[in-house]
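Residue numbers start from 1 in every chain, and the chains themselves are labelled A, B, ... in the order their sequence lines are given, proteins ahead of strands. Quantities reported herein were computed from a predicted structural model and do not represent experimental measurements.
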Amino acid sequence: MATCEKRRSAPAPATGSGLVEPVRAGVGGREPESEAEFLLQAGVTSMVREALLKVLEARPEEPVSFLASYFEKLVLSGAAGDRHGQQQRLARALWYVRLAHHSHRTAFNNNVSMAYECLSARGRRKKPGVNGKIYSELLKKICQDGEVPEEVVSSLLRKIQCRDHEAVPFDVFRYGVLSCFVLLEFVAKADTLYDVLDDGSGVADKRVCQAVLGTLEDALGASDFSVPIRYLEAGSKLGPDCLALAMDKALLERKICSSMNREEFLTKATALFIAKVKPID
Amino acid sequence: MAPGPAPCTVRSPVVLQVGDVKTDLARPGVAIIDVVLPPAQPLDLQEIVFKNSYTAFLTVRVQRRRPCDVGREGARKWVTCLWNHCLMPSPHTETGSQDYFSLFRHQMLCDVDQVTAVRLILRQPSPVWLNFTLEELRLYPKDQQSLQTDFPTWLSHLAPQQQPENLHGGIPDPEKVSTEVQQLWVLTEMIHANQTAARIGRFDVDGCYDINLLSYT
């Protein structure tokens with residue numbers, strides 16, 4: 001998570017404060033009262049406040065483009081608001097869950113619950129809840145936007161998908177959505193790792209890849225000690241020294257020098273991750 | 001990790017002194033503390049823990065129950081299992097005088113199974129201290145492992161134990177690899193830690209509702 005915290009730690013209301021100022025200034029005076037009233041009536045006040053809240057929650061790296069896409073989405077959903085078709089609701093839920101990175105725990109959880117509500121609402125004020133079909137569809141959509149190999153996605157989905165007719169409790173929903181996002185990030189990181197391993201040549205040595213993945217597996221399968229000790233242990237196993245020794249040892253083995261392509265590496269790495277995902281029962 | 005100490009009776013220290021206790025001005029240099037264990041349960045000693053109070057050297061002797069001397073109560077011998085163990089490196093100064101100490105099984109000179117009594121012999125050669133003793137004395141049995149016993153080996157060399165110097169060319173930069181692999185580890189741990197207890201409530205075994213398995217009987 002350390003990487004994610006690097007994003008933007010300082011509050012980022014710089015662009016927002018300019019927007020909200022006129023609203024506040026209008027409240028006091030006599031003449032501008034009509035302006036404030038107008039803003040209230042048109043729903044601009046609450047809309048801008050909502051937008052600012054979203055910015056503060058998500059702390060995006062580029063607030064302007066974030067706001068732009070936010071308002072764009074708002075327009076689109078407003079236009080489609082009357083029909084409330086399933087596809088619209090799905091798109092809206094997808095947009096909610098993508099708003100904040102999963103490391104911003106509160107914001108992410110808020111957005112996931114918004115998405116859940118959005119999916120469970122149906123016309124005529126009924127709230128039948130989220131069924132397995134639409135949940136699975138959402139998960140598939142989330143997984144689509146990374147460059148994740150097909151079989152990786154399907155092996156994750158097999159674990160967290162629900163059957164079409166099942167009612168999905170919120171916790172299961174949240175865990176499923178979170179797993180998908182973390183998988184996307186995992187694949188991206190594993191991809192970077194492959195770039196490091198191949199040293200710019202495009203293909204990495206199979207023995208080295210296997211040594212690295214073996215070390216990772218070892219650290220993940222570490223003993224059931226109390227939590228802080230496990231972290232220390234994993235840290236020591238994944239330190240540069242241990243990894244260097246493991247890779248060196250692997251290279252010394254007298255085996256046929258073959259290579260492992262990117263796909264294969266990603267599949268093997270994500271298998272370690274997926275093994276730790278709790279299947280739905 | 002809170003193993004209970006073994007039940008035992010710690011007698012008050014007995015000071016050994018040459019001459020008359022009241023009239024002699026010389027301070028005693030040796031004291032004895034006896035620890036008696038309940039006779040029905042001999043102790044497999046793992047660890048002795050105490051807080052020092054101005055004792056410079058410690059000798060530990062134990063009495064053990066041997067299969068051979070069952071029935072000969074008087075014949076039990078005292079064996080020395082720790083000989084002049086230094087608690088205060090220089091007896092005239094304060095160093096170590098009020099420290100906590102742990103003495104472990106592996107420090108003992110002989111094996112300390114089936115112990116029925118322990119005798120601690122305290123020595124303080126320096127006359128500058130008014131009195132000396134051991135406080136908060138506890139004995140820990142073997143089966144209740146103390147913190148030290150399951151001390152994982154990797155923890156003792158967190159710092160690089162052996163600098164990998166003679167690495168052969170061609171391996172990728174370990175620093176970078178390590179950074180990336182650690183991030184993969186963090187993500188996996190996170191999903192593992194975020195597991196939910198919620199269940200869908202499936203109770204069927206996969207495929208048990210297969211139409212071909214249903215019968216009309």
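Using a 30° and 60° split on the angle between ring planes, Phe265(A) and Tyr194(A) fall in the tilted class, from 30° to 60°. Ring-plane geometry between His104(A) and His101(A) is classed as perpendicular, the angle between the planes exceeding 60 degrees on a 0 to 90 degree scale with a lower cut at 30.
The parts of Leu178(A) that come within reach of chain B are both its backbone and its side chain, each placing non-hydrogen atoms under 4.5 angstrom from that chain. When heavy atoms are compared at a cutoff of 4.5 Å, Leu272(A) approaches chain B solely by way of its backbone atoms N, CA, C and O.
Electrostatic pairing of Asp113(B) and Arg105(B) counts as a salt bridge here, judged by a charged N lying under 4.0 Å from a carboxylate O. Salt-bridge annotation for Lys268(A) and Glu264(A): present, with a side-chain N of the basic residue lying under 4.0 Å from a carboxylate O of the acidic one.
Identified by a heavy-atom distance below 4.5 Å to chain B, the contributing residues of residues 165-175 of chain A are Glu166(A), Ala167(A), Val168(A), Pro169(A), Asp171(A), Val172(A), Arg174(A), Tyr175(A), in residue-number order.
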Side-chain donor-acceptor contacts of residues 136-144 of chain A below 3.5 Å, not counting sequence neighbours, with atom names and distances?
| from | atom 1 | to | atom 2 | distance (Å) |
| --- | --- | --- | --- | --- |
| Ser136(A) | OG | Gly132(A) | O | 2.7 |
| Ser136(A) | OG | Cys162(A) | O | 3.2 |

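For Thr80(B) (side chain) and Leu82(B) (main-chain N/O), no donor-acceptor pair under 3.5 Å exists by modelled atom type.
The candidate with the highest count of non-hydrogen atom pairs below 4.5 Å against chain A, out of Glu175(B), Gln182(B), Lys176(B), Glu180(B), is Glu180(B).
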Checklist entry - Does the pair Glu57(A) and Asn111(A) meet the rule for a side chain to side chain contact (heavy atoms under 4.5 Å, CB included), with working shown? => result CA-CA 10 Å; Glu57(A) 269 182 7; Asn111(A) 290 334; 3.8 Å; yes

